[in-house]
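Step one of this worksheet: look at the structure below.
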There are 2 protein chains.
Amino acid sequence: MTGKKIRNMDEFASVSGISRPTLSKYFHDPASVRASTRAKVEKALETYDYTPNIFAMNQNRKLTKNVGIVVPYLADPFFAEIARNLEQRCIAAGYRPSLHSSHGQPALENDIFDSLRSIKPAGVLLAPLGRASDRRAVEKFCEQIPTVLFDSHLQGMGLAFVGSDNPQFVRLMVDYLCRTGEPPCFFEMKHPSNPNANKRRQSYIQSMEELGHTPHIFQAEGEGWDFEEIGRREGGRALASGAFSTNTILCSNDRLAIGFLTACYEQNIRVGIGEDCQIRVAGQDDHPFSRFTCPPLTTVAQDYESISRRSVEILFRAIEGEVHAHEDTFFEGRLVMRSSA
Amino acid sequence: MTGKKIRNMDEFASVSGISRPTLSKYFHDPASVRASTRAKVEKALETYDYTPNIFAMNQNRKLTKNVGIVVPYLADPFFAEIARNLEQRCIAAGYRPSLHSSHGQPALENDIFDSLRSIKPAGVLLAPLGRASDRRAVEKFCEQIPTVLFDSHLQGMGLAFVGSDNPQFVRLMVDYLCRTGEPPCFFEMKHPSNPNANKRRQSYIQSMEELGHTPHIFQAEGEGWDFEEIGRREGGRALASGAFSTNTILCSNDRLAIGFLTACYEQNIRVGIGEDCQIRVAGQDDHPFSRFTCPPLTTVAQDYESISRRSVEILFRAIEGEVHAHEDTFFEGRLVMRSSA
DNA sequence: AAATAAATTTTACGCGCGGCAACTTTTGAC
DNA sequence: GTCAAAAGTTGCCGCGCGTAAAATTTATTT
């Protein structure tokens, strides 16, 4: 690598003693050339400083090695984490990931689609905005480019969907809460941006009824992705007005719960499972910050390791030509017991 | 845009009645062609569906419109936020940003440099890992590609540095804390990854001495970017061992403070400014979650709006040929009084 | 109206690599 | 040692656009 800078593949062909078409094959897939020539190439690569021009490569190749990763809101550490995970897996598989965030804005999501189209990606890993998404735009995009959806389920779109088994999350938590104390009220947004929220609500109702309890739901006003603030403001109103019929609150997600905990603090309501506590609060998702709330938040952990592994698996198989029907995968959550409930 | 799909610039030249070289100029910079021809192009653009092939464009252009944005740790919402801000500004200025995170790993930072080099970026906005960075790699990169550093100061590298006036942050907070209660102890990491931490420590010592107080510093063990966990674990040890000489703790940054608050909770130490509180805790940076800790964290807000505006300003000016000497800009912080101190 | 400057068109070539066809060499099993 | 398959080579064209130089048109100035 310290040697002379090579300008193009022809020049590298001269100095390495390998013909250009073979080099082209090597750079496309090192395994596609004989072991002995691969060794020769790699030895020359150590002596000379050469990397193929990525623009020239992509210009003519039918399929690039580009992979788009799109998340709805990168300032949410959950998405940052899963994006990191996906990114590493793509790199390990020899692809070039590019990271994009819709920042909660449908218009931006559509812009990202256009931007991705222009780099002819081999595939895309897409966590759509959800309810706010331009469904027709998503559908059109999925038809044009091999796309695996994750996190937010949009019925039937893309090669596959990989996400969490939301009903199981809620069942798990409702069971736990009922076993250890009063049955929970459900705290959620009235107009959630994420379709998972609807499944969670339904599962809450069903789980409660199966256990012989009456469901109680409090729906917070507010739009957008400032979940913590909505949880704080609306949770505070709910607490102040005595809207909850029990001492146990199950929040639709951790970010809402984090804001709700703040509201409890502001109203001097002691949260937790101790003798001196007035209220129990639980969340869902195991947000990176939930370990550090006061009290630490009891929640259901998303299996984002499995979600990301599965997503790239399906995408790369599809890219490499394997055809199979659209399938949905839902991973189970794991109960994380901490001191808030 | 609904019309027939055009395959290349030659074809678009035919249907639009503009020559290809002029179209090329237009797409490079619409302002570089006469208003009347610009109108003709844009009218044709409405009728026909055409966007230049981005790979072919970048292949021969000396300067692409690509801009790299590199942050040390994207799972930190502070960096996610500033990255979003930078991204939007780049798009608004007609550039194509690409987002990268070093994930706290020097090897990854170097990989990102290589990856960026291969896309011939017009410029790069780089928040380096700091102490862990491979200084020679950063220096070499800055020499090759116009780069503005932000957040972490590496002496003299790049076109410019834009960040926060760390000494002012600490002075502001130390002044406030001393005015309203006992002078603070300083809680920080022994081996901080970020050079800002060193400036903050020095400023703490100086500020305390100027006010006639004796500085007390507690340095937490631990490496890496899991600041909250380090703050919780080491803060807990410090509290348990009675390492603090006053009832007021100034944390080097908010993430450490968030963990420290958890430690306080775990030891049943009531934090805040009320009569019944035993300890005051303050942070620095105004992390997005600091508003929602219990109690909400008193801190110094980074002016990331100004930081990002300034960073792109300097970069784009440099790209457009304006030469001027290396300069460092430090923006002041704003005291955010909440109930933790 | 002529002179000058500026913008555009024409023409022509280059960028670095992908891909194909026809041919030659190497490989490995028998 | 034979021979077919696999791998590599040579030569050529195409991709879509950048860019330079010369010729032409258009706009501005005096």
Side-chain angles (χ1 to χ4, degrees), chain A residues 4-45 48-66 94 96 117-122 319, chain B residues 4-45 48-66 94 96 117-122 319:
Chain A
K4 179 176 139 216
K5 177 77 191 170
I6 272 63
R7 313 165 58 193
N8 57 36
M9 210 179 262
D10 266 316
E11 203 174 313
F12 187 64
S14 310
V15 300
S16 67
I18 309 276
S19 72
R20 198 177 59 70
T22 304
L23 287 176
S24 180
K25 275 188 73 181
Y26 169 85
F27 285 114
H28 182 64
D29 177 12
S32 68
V33 302
R34 204 189 299 145
S36 59
T37 59
R38 187 161 59 240
K40 274 176 75 178
V41 175
E42 276 155 11
K43 191 181 163 192
L45 235 30
Y48 300 95
D49 182 11
Y50 171 69
T51 40
N53 181 308
I54 198 162
F55 301 116
M57 280 181 66
N58 287 335
Q59 177 167 20
N60 300 316
R61 237 209 272 283
K62 312 165 197 289
L63 225 56
T64 69
K65 287 278 187 181
N66 299 329
R96 294 180 56 95
R117 268 188 270 258
S118 77
I119 60 165
K120 296 194 291 188
I319 289 173
Chain B
K4 178 176 140 218
K5 177 78 192 169
I6 271 64
R7 313 165 59 192
N8 57 36
M9 210 180 263
D10 265 317
E11 201 174 314
F12 187 64
S14 311
V15 300
S16 67
I18 309 279
S19 75
R20 196 175 60 71
T22 304
L23 287 177
S24 179
K25 276 190 72 181
Y26 169 86
F27 285 113
H28 182 65
D29 177 12
S32 68
V33 302
R34 204 189 299 144
S36 59
T37 60
R38 186 162 60 242
K40 275 176 74 179
V41 175
E42 276 155 10
K43 193 181 161 191
L45 234 30
Y48 299 96
D49 181 10
Y50 170 70
T51 39
N53 180 308
I54 198 162
F55 300 116
M57 280 181 65
N58 286 336
Q59 178 166 22
N60 300 316
R61 238 209 270 283
K62 313 163 198 287
L63 226 56
T64 69
K65 287 280 187 180
N66 298 329
R96 293 179 58 93
R117 269 187 269 258
S118 76
I119 61 165
K120 296 193 289 188
I319 289 172

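Just so it is clear, the model here is predicted, and its values are computed rather than measured. So that the names make sense, note that chain A is the first sequence line, chain B the second, and so on, each numbered from 1.
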Summarise protein proximity over nucleotides 8-17 of chain D in one line of letters, 5' to 3': B for base, S for sugar-phosphate only, - for none, counting protein heavy atoms closer than 4.0 Å. SBB-B-BBBB
Hey, could you give me each pair passing salt bridge (charged side-chain N to carboxylate O under 4.0 Å, His left out) that has a residue in residues 16-28 of chain B? Not counting sequence neighbours. B:Asp10-B:Arg20
What are the two closest non-hydrogen atoms of B:Lys5 and B:Glu11, and how far apart are they? O-OE2, 4.2 Å
Taken in chain and number order and not counting sequence neighbours, the residues that satisfy salt bridge (charged side-chain N to carboxylate O under 4.0 Å, His left out) with A:Arg7 are none
Reading DNA chain C from 5' to 3', where do the contacts with chain A start and stop? Cut-off is 4.0 Å to heavy atoms. C:dG16 to C:dT27
So do B:Lys65 and B:Met57 actually touch side chain to side chain, heavy atoms under 4.5 Å? no
Would you list the atom pairs, donor with acceptor, under 3.5 Å between side chains in residues 33-40 of chain B and any protein atom, with sequence neighbours excluded?
unit_1, atom_1, unit_2, atom_2, d
B:Thr37, OG1, B:Arg34, N, 3.4
B:Thr37, OG1, B:Arg34, O, 2.8
B:Arg38, NH1, B:Pro30, O, 3.2
B:Arg38, NH1, B:Val33, O, 3.0

Plane angle bin for A:Phe12 and A:Tyr48 - parallel if under 30°, tilted between 30 and 60°, otherwise perpendicular: perpendicular
Contacts of B:Ser14 meeting side-chain hydrogen bond (donor to acceptor under 3.5 Å, both in side chains) (sequence neighbours excluded), chain-then-number -> none
